[in-house]
Undergrad: 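Before anything else, here's the structure in question.
Predicted, not measured: the structure shown is a model, and the values here were computed from it. Numbers restart at 1 for each chain; the letters A, B, ... are given by sequence-line order, proteins then strands.
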Protein chains: 2
Amino acid sequence: MTTIKDVAKAANVSISTVSRVLNNSGYCSGSTREKVYKAVEELKFQKSMVATAMIKKKTSTLGLIIPDIKNIFYGELTRAIEDQAHQHGFNVILCNTDNDLEKEAEYLNFLLRKGIDGIIFSTPEVNDRNIKEVMKNRPDLPMILLGSQVENVKLDEVLVDNFEGGYQATEHLLEYGHQRIGYIGGQKDSYATVERYKGYCKALEDHSLQPTDHYVRLDEFKIHSGYHKGKELLALPDRPTAIFAGNDAIAVGVYKAARELDISIPDELSVIGFDDSQFAEIVAPELTTIRTPTADMGEKTVELVVKIITEGKNFKETITFQPTLIERGSTTVLNDNHLVQKYPS
Amino acid sequence: MTTIKDVAKAANVSISTVSRVLNNSGYCSGSTREKVYKAVEELKFQKSMVATAMIKKKTSTLGLIIPDIKNIFYGELTRAIEDQAHQHGFNVILCNTDNDLEKEAEYLNFLLRKGIDGIIFSTPEVNDRNIKEVMKNRPDLPMILLGSQVENVKLDEVLVDNFEGGYQATEHLLEYGHQRIGYIGGQKDSYATVERYKGYCKALEDHSLQPTDHYVRLDEFKIHSGYHKGKELLALPDRPTAIFAGNDAIAVGVYKAARELDISIPDELSVIGFDDSQFAEIVAPELTTIRTPTADMGEKTVELVVKIITEGKNFKETITFQPTLIERGSTTVLNDNHLVQKYPS
DNA sequence: ATGAAAGCGCTAACAT
DNA sequence: ATGTTAGCGCTTTCAT
């Protein structure tokens, strides 16, 4: 491995001179600068970042904590984050926790020992003891929450307005005349699940409808959850005429359930998803969904951490993005003919 | 930040003693061991990995080079890799290159400067100048190719038998009586594209059919490619009765094309994919596809790099996994009634 | 404008 | 069994 010493020797200067020209710090005559560049060139010298990290206490690397990169939503998010990080000269270390706090703790431990410059948490948990722990032990370490809030903790956050999204989704269905509207959410202690649920309830109430557990199911943000809970909802004697799926994966599961039960979407069942992930355009009919500006959020998050890292101070800022309704083919106006039983008015 | 010095002071021993107990190296009396542990506990001391990396020249981190984590196939692969790496005490730095050699070079540069212990390349390119460059400059650095081979280069590789997969896919279609079989592949210089194509040709030939460019299209391993190329193929007067899609994403595109043209799958068109990704079970009818043992391959790859790293020698080994046919609902026996025009015999 | 030297946090001889 | 010391490859005073 060629080091700064080799370069110094080849260029006939001291290592501090080499360091200076490489970092453009301090004075240096044009001629020695040339010599150094030449030596660097010849030896194909590359500064070791670990040596620099040792001194500067900066590693130019970020930790990214997510539940699972296989989940298409996190794939899109991670891509945006990684791109933006690279743009700013940072690398990202990927950590899949499966929402397991033990695993998360292990990763965190590793990241801290590696001296990462900042951590992006994109986990759904509303009550993360690890985050609190890190905040206590390393109050200086830039941390940012992406996509959810943690109880009793104030950190920089970038969020979608989940309440608004839930409201929009439900409102859309209501406008189409639906009244028996199901909601299938993810983990019950997930920020997204509860906020979207609140929006759902509010929209119903605004239409003088009473939200009822009868039409609400919570499980996970996954296809099979949508499938099983969808089947439950569709097996109801007074089954819903529309379902608000907590995310697109759940919606996909609902499609599958409907297909098996020979219930046609959208004719007999309107379905709306959340996220506008790749899934939305794959299914037939294409899925009406609430778009989360995933890429923008990822980018903004990185910008924020980088800013916190370079300026050395937390802003404890909350940036909220607005979701938008993307209407495709899975929702339509209520067709009374298909109702199994009229809604009791 | 608490360092080994602080621990030494608190435990009233020298730093080398602390180091010894922490690493379980050299002699140490039980009592001092206790003292040290106690101090470590109290101070919540964690060894800095960057200091260790400085000495040991090992960072316990792996670089992973892929085209795009948004691509569901790479999501699955990456998850398996990251899990296994974590199991072995390694972190992985994610690098998305979009198959852009410039970008790849940038990442590589960064990774080398960071002193990563090994690199996993999972890029489709058959002619990667960067890989050759790294091999020349850092012949010691563990590198492994996952999913493709690079021309004129001998490295450790883990592969699927793409030829066999292409053969199986085509054979499956042929057994169902199809003769006008289209092939839509990815980038023409991608290893997977050409090997699968070879398998496709061989199967046709084994059935005394002459492969013809007429039914072959190459583009990218993406949905829109499947869509556009699918439309082309389906617009042919003697359109294919079956299409072998180079991967599941392309197959999804073909579904979309068929839907628009009101061609029913599988009644009027059989479709077979490749990978058995999440997409396969989402579409309706569910996709018949060639399963790549993605997770196994990812795991094996990590095991190999770790072995190379710890044993300090390359094996220049090629591990080949066998693909398997997963039959679902998108392929069926040829139904002559639907043929636009009989195949000239 | 350049060099010498200290030191980042740890490991690994080498002493004792 | 434990302490002293010399680095690892750099950056950064401090001299000159």
Undergrad: Mind checking what makes side chain to side chain contact (heavy atoms under 4.5 Å, CB included) contact with Met49(A), not counting sequence neighbours?
TA: Ser60(A), Phe110(B), Arg113(B), Lys114(B)
Undergrad: Between Lys57(B) and Asn12(B), who's closer to the 5' end of DNA chain D by nearest nucleotide?
TA: Asn12(B)
Undergrad: Rounded to the nearest angstrom, tell me the gap between atom CD1 in Ile4(A) and atom C1' in dG3(C).
TA: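 Between C1' of dG3(C) and CD1 of Ile4(A): 13 Å.
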Undergrad: My understanding is that only residues two or more places apart in sequence, or in another chain, count here; which of them pass salt bridge (charged side-chain N to carboxylate O under 4.0 Å, His left out) with Glu42(B)?
TA: Lys38(B)
Undergrad: So for the helix from dA1(C)-dT16(D) to dT16(C)-dA1(D), with five pairs setting each end axis, what is the inter-axis angle to 10°?
TA: 50°
Undergrad: Does a side-chain N or O from Ser19(B) land closer than 4.0 Å to OP1 or OP2 of dT11(C), or not?
TA: yes
Undergrad: I need the full list of salt bridge (Lys or Arg N to Asp or Glu O under 4.0 Å) pairs touching residues 90-105 of chain B, with sequence neighbours left out, sorted by first then second residue.
TA: Arg79(A)-Asp98(B), Asp98(B)-Lys103(B), Glu102(B)-Arg129(B)
Undergrad: Name all residues meeting the side chain to side chain contact (heavy atoms under 4.5 Å, CB included) criterion together with Glu299(B); count only those two or more places apart in sequence or in a different chain, and write none if there are none.
TA: Gln84(B)
Undergrad: Among residues at least two apart in sequence or on other chains, which ones pass side chain to side chain contact (heavy atoms under 4.5 Å, CB included) with Gln149(B)?
TA: Glu157(B), Leu159(B), Tyr191(B)
Undergrad: Can you sort out the partners of Lys70(B) under side chain to side chain donor-acceptor pair (under 3.5 Å), two or more places apart, ordered by chain and number?
TA: Asp68(B)
Undergrad: Taking atom types as modelled, find out whether Ser14(B) and Thr17(B) have a side-chain donor-acceptor pair closer than 3.5 angstrom.
TA: yes
Undergrad: Quickly, which of Thr3(B), Val18(B), Asn23(B) forms a side chain to side chain contact (heavy atoms under 4.5 Å, CB included) with Lys47(B)? Name it, please.
TA: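 Testing Lys47(B) for a side chain to side chain contact (heavy atoms under 4.5 Å, CB included) against Thr3(B), Val18(B), Asn23(B) leaves exactly one candidate, Asn23(B).
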Undergrad: Between residues 20-47 of chain B and DNA chain D, which residues have a heavy-atom gap below 4.0 Å?
TA: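 Per residue number, the list reads Arg20(B), Tyr27(B), Cys28(B), Ser29(B), Thr32(B).
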Undergrad: Sort and list the pairs that fulfil salt bridge (Lys or Arg N to Asp or Glu O under 4.0 Å) and have at least one residue in residues 49-65 of chain B, not counting sequence neighbours.
TA: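 Sorted pair list comes back empty.
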Undergrad: Let me know, please, whether Ser16(B) or Val50(B) comes out on the 5' side of the other along DNA chain C by nearest nucleotide.
TA: Val50(B)
Undergrad: With sequence neighbours left out, write down each residue that passes ring pair (Phe, Tyr, Trp, His ring centres under 6.0 Å) with Tyr107(A), or none if nothing qualifies.
TA: His86(B)
Undergrad: Considering only heavy atoms of chain B and a distance under 4.0 Å, specify the first and last nucleotide of DNA chain D in 5' to 3' order that meet this criterion.
TA: dA1(D) to dG9(D)
Undergrad: Separation of Ile15(B) atom CD1 from dC8(C) atom C1', in whole Å?
TA: 12 Å
Undergrad: What salt bridge (Lys or Arg N to Asp or Glu O under 4.0 Å) pairs are there with at least one residue in residues 5-25 of chain B, not counting sequence neighbours?
TA: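 Counting only pairs at least two positions apart or across chains, no salt bridge (Lys or Arg N to Asp or Glu O under 4.0 Å) contact touches residues 5-25 of chain B.
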Undergrad: Can you measure Ile55(A) atom CD1 to dC8(C) atom P for me and round it to whole angstrom units?
TA: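 Taking CD1 of Ile55(A) and P of dC8(C), I get 10 Å after rounding.
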